[in-house]
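Structure, as structure tokens:
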Amino acid sequence: MNQFPGFEYRQDNLYVEEVDIPRMALEYGTPLYIYSKSALTSRWVELCTAFSSIDFLPCYAVKANSNIAILQMLAQWGAGFDIVSVGELERVLAAGGDASKVMFSGVAKREDEIRKAIHCQTGCINVESEYELTRICAISADMKMHVNVSLRINPDVNPNTHPYTSTGLKESKFGITSELALKLYTSIKDDPWVRPVGVDCHIGSQITETQPYVEAAKHVFEFVEKLEQLGIELKHIDLGGGFGITYDNEKPPAFSHYAEVITPLFKGKHYQLVLEPGRSIVANAGILVTAVEYIKDIEVNEFVLVDAAMNDLMRPALYQAWHTVLPVTLNAKRVDKVYDIVGPVCESGDFFAKKREMKELQPGELLAVMSAGAYAMTMASNYNTRQRPCELMIDGGNTHLIRRRDALDELWQNEILLPTD
Ligand code: LLP
């Protein structure tokens with residue numbers, strides 16, 4: 001269990017900090033997301049401590065988990081935020097975040113999103129194409145307001161991760177080449193409104209080694225030296241996010257190991273380091289609790305049918321991702337089984353685990369799908385007109401409801417019946 005700090009068995013029941021899960025399931029119903037405040041806090045402290053020897057701005061990637069209570073905690077700790085939409089910007093502001101510490105990433109920002117970002121004096125817009133830069137120049141001139149920009153360069157580094165979460169290769173839709181970036185920085189050097197303040201890259205997600213970061217950072221440093229020679233002095237270097245976590249038996253480096261290889265590159269330089277971690281902060285601070293509805297044995301397969309589904313947590317369906325599934329109540333006397341743990345949605349892709357070895361389960365029992373703090377609730381949908389789960393934040397012995405479950409009639413409240421004669 002030490003891969004999941006904040007979660008432990010006590011007298012055969014799984015606890016989140018000081019609170020037992022069966023009690024929460026009874027009170028709030030299932031499926032439900034539960035987060036451990038101490039697990040989340042310690043990851044943030046670990047990150048900040050690791051990079052404390054240099055000028056460092058951690059910008060939490062909001063897409064990983066955007067619940068405003070989580071953003072509020074991070075804002076109170078002085079975090080910056082990496083956002084990808086005006087919706088995420090508004091969330092950050094609603095949670096008390098500081099716009100001047102916001103990095104606005106994203107490959108296809110709309111004109112209204114750029115306007116809003118400029119209006120709020122967002123810390124930096126991370127630009128991903130020549131056309132986007134032209135658009136930003138025109139909008140800032142029109143608004144007569146300054147805007148800070150960074151260009152996202154593509155270091156062409158292979159992060160050895162899932163192809164869907166690999167984003168720094170030269171054939172990807174993200175970022176631009178260093179050659180084009182050089183030309184674009186030169187073109188805005190004397191722009192009255194647009195200020196080139198940084199350079200950024202993001203090579204992928206769920207990366208479990210330090211080497212790709214070293215390669216990317218070296219590429220970026222070579223690039224900024226070329227800019228320096230042209231008299232363009234940036235303030236920050238943003239190396240993105242992507243730090244992997246343990247879902248199964250991965251052994252990702254600690255933040256301190258990343259710091260050991262990254263900080264020496266910044267020593268003696270005036271650049272601030274920006275990072276955009278998402279998953280590594282929240283993934284292992286959250287679980288999805290679901291109840292077993294039925295056991296269905298069809299000889300070739302034994303299914304555990306649960307009340308959560310792919311609409312609540314779609315990572316297994318989308319990436320064949322592994323999530324550890326634990327029984328909430330231990331019962332050593334039961335026999336060993338091999339199960340497919342599946343949801344009620346009408347798709348074969350609706351599963352949480354396949355051919356998983358577990359102790360025998362009974363209908364009514366609770367399961368905890370672990371590592372569900374990141375890219376879980378944020379990717380949830382109402383498919384099959386299912387209500388998205390509620391979310392709880394546990395702080396020691398205190399339980400805070402941080403999102404109530406969707407009410408059924410909310411699911412069609414934006415829909416309009418056709419007129420009848
Ligand atoms: N910065 C940028 C520009 C990004 O595109 C991302 C993630 C991050 C930061 C944060 O990356 P992290 O530290 O969380 O790895 N839905 C997928 C992950 C998609 C990641 C997209 N970009 C999953 O469930 O694995």
Side-chain angles (χ1 to χ4, degrees), residues 40 43-44 46-47 57-66 70 74 79-85 88 92 102-109 123-129 132 150-155 157 159-169 172-176 198-209 212-213 216 220 237-248 250 252-253 255 258 273-286 288 310 312-323 352 369-381:
L40 205 158
R43 286 301 280 165
W44 188 255
E46 224 177 283
L47 173 75
L57 177 63
C59 291
Y60 168 73
V62 173
K63 63 170 85 68
N65 189 319
S66 59
I70 291 177
L74 288 155
F81 295 93
D82 166 58
I83 61 154
V84 290
S85 69
E88 287 191 346
V92 166
V102 167
M103 306 287 141
F104 190 176
S105 306
V107 70
K109 301 174 197 77
C124 187
I125 300 187
N126 292 350
V127 181
E128 302 225 15
S129 66
E132 185 189 343
S150 159
L151 299 189
R152 175 167 175 177
I153 60 169
N154 233 324
V157 167
N160 301 324
T161 183
H162 192 287
Y164 282 15
T165 54
S166 177
T167 49
L169 293 169
S172 88
K173 73 172 175 181
F174 303 99
I176 57 177
V199 59
D200 63 288
C201 69
H202 171 78
I203 52 179
S205 197
Q206 184 54 11
I207 299 165
T208 51
E209 36 192 318
Y213 287 94
V220 174
I237 291 179
D238 177 348
L239 296 178
F243 311 100
I245 61 132
T246 305
Y247 283 100
D248 183 12
E250 304 91 331
F255 284 133
Y258 286 110
L273 167 68
V274 175
L275 293 177
E276 303 170 354
R279 185 193 319 265
S280 51
I281 305 301
V282 282
N284 274 333
L288 173 64
M310 64 189 283
D312 303 307
L313 173 66
M314 72 181 305
R315 301 192 70 258
L318 200 55
Y319 316 112
Q320 284 78 49
W322 167 287
H323 283 261
F352 292 104
V369 183
M370 307 305 285
S371 316
Y375 304 110
M377 187 58 184
T378 44
M379 292 170 73
S381 77

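Remember, it's 1-based here, ligands and their atoms both numbered in the order they're listed.
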Please examine the side chains of L313 and V369, heavy atoms only from C-beta on, and report whether any two atoms are closer than 4.5 Å. yes

Between Y375, F243, Y60, flag the one that comes closest to atom 11 (O) of ligand 1 by a heavy atom. Y375

Does L275 reach the side chain of C59, with side-chain heavy atoms less than 4.5 Å apart? no

Just which atoms of ligand 1 are under 4.0 Å from any heavy atom in R152? 3 (C)

The answer for which part of H202 has a heavy atom under 4.0 Å from ligand 1 is side chain

Among M379, K63, M314, M103, which residue places a heavy atom closest to atom 5 (O) of ligand 1? K63

Taking atom types as modelled, is there a side-chain donor on S105 or D82 under 3.5 Å from an acceptor on the other? yes

Mark up the atoms of ligand 1 that fall under 4.0 Å of a heavy atom belonging to P277, in ascending order. 13 (O)

For E276, the ligand 1 atoms with a heavy-atom partner under 4.0 Å come out as 1 (N), 2 (C), 3 (C), 8 (C), 9 (C), 10 (C), 13 (O)

Checking heavy atoms under 4.0 Å, the part of F174 that sits near ligand 1 is neither

Could you list the atoms of ligand 1 found under 4.0 angstrom from a heavy atom of Y319? 16 (N), 17 (C), 23 (C), 24 (O), 25 (O)

Atom pair OG/CD1 of S150 and I125 - distance to nearest 0.5 Å: 10.5 Å

Please determine whether any non-hydrogen atom of G242 lies less than 4.0 Å from an atom of ligand 1. yes

Can K63 and E88 be counted as an ion pair, charged N to O under 4.0 angstrom? no

For G241, counting its heavy atoms only, list the atoms of ligand 1 lying under 4.0 Å from any of them. 9 (C), 13 (O)

Check: S280 N/O within less than 3.5 Å of ligand 1 N/O: no

Evaluate F174 against H202 for ring pair (Phe, Tyr, Trp, His ring centres under 6.0 Å), listing each step before the verdict. CA-CA 9 Å; F174 303 99; H202 171 78; 7.9 Å; no

Side chains of F352 and L288: closer than 4.5 Å at any heavy-atom pair? yes

For ligand 1, note which part of R279 has a heavy atom under 4.0 Å away: side chain, backbone, both or neither. both

State whether the side chain of N284 and the backbone N or O of T246 hold a donor-acceptor pair below 3.5 Å, judged by distance alone. yes

Side-chain H-bond candidate by donor/acceptor type, R43 with S280, under 3.5 Å: no

For G278, atoms of ligand 1 separated by under 4.0 Å from a heavy atom: 12 (P), 13 (O), 14 (O)

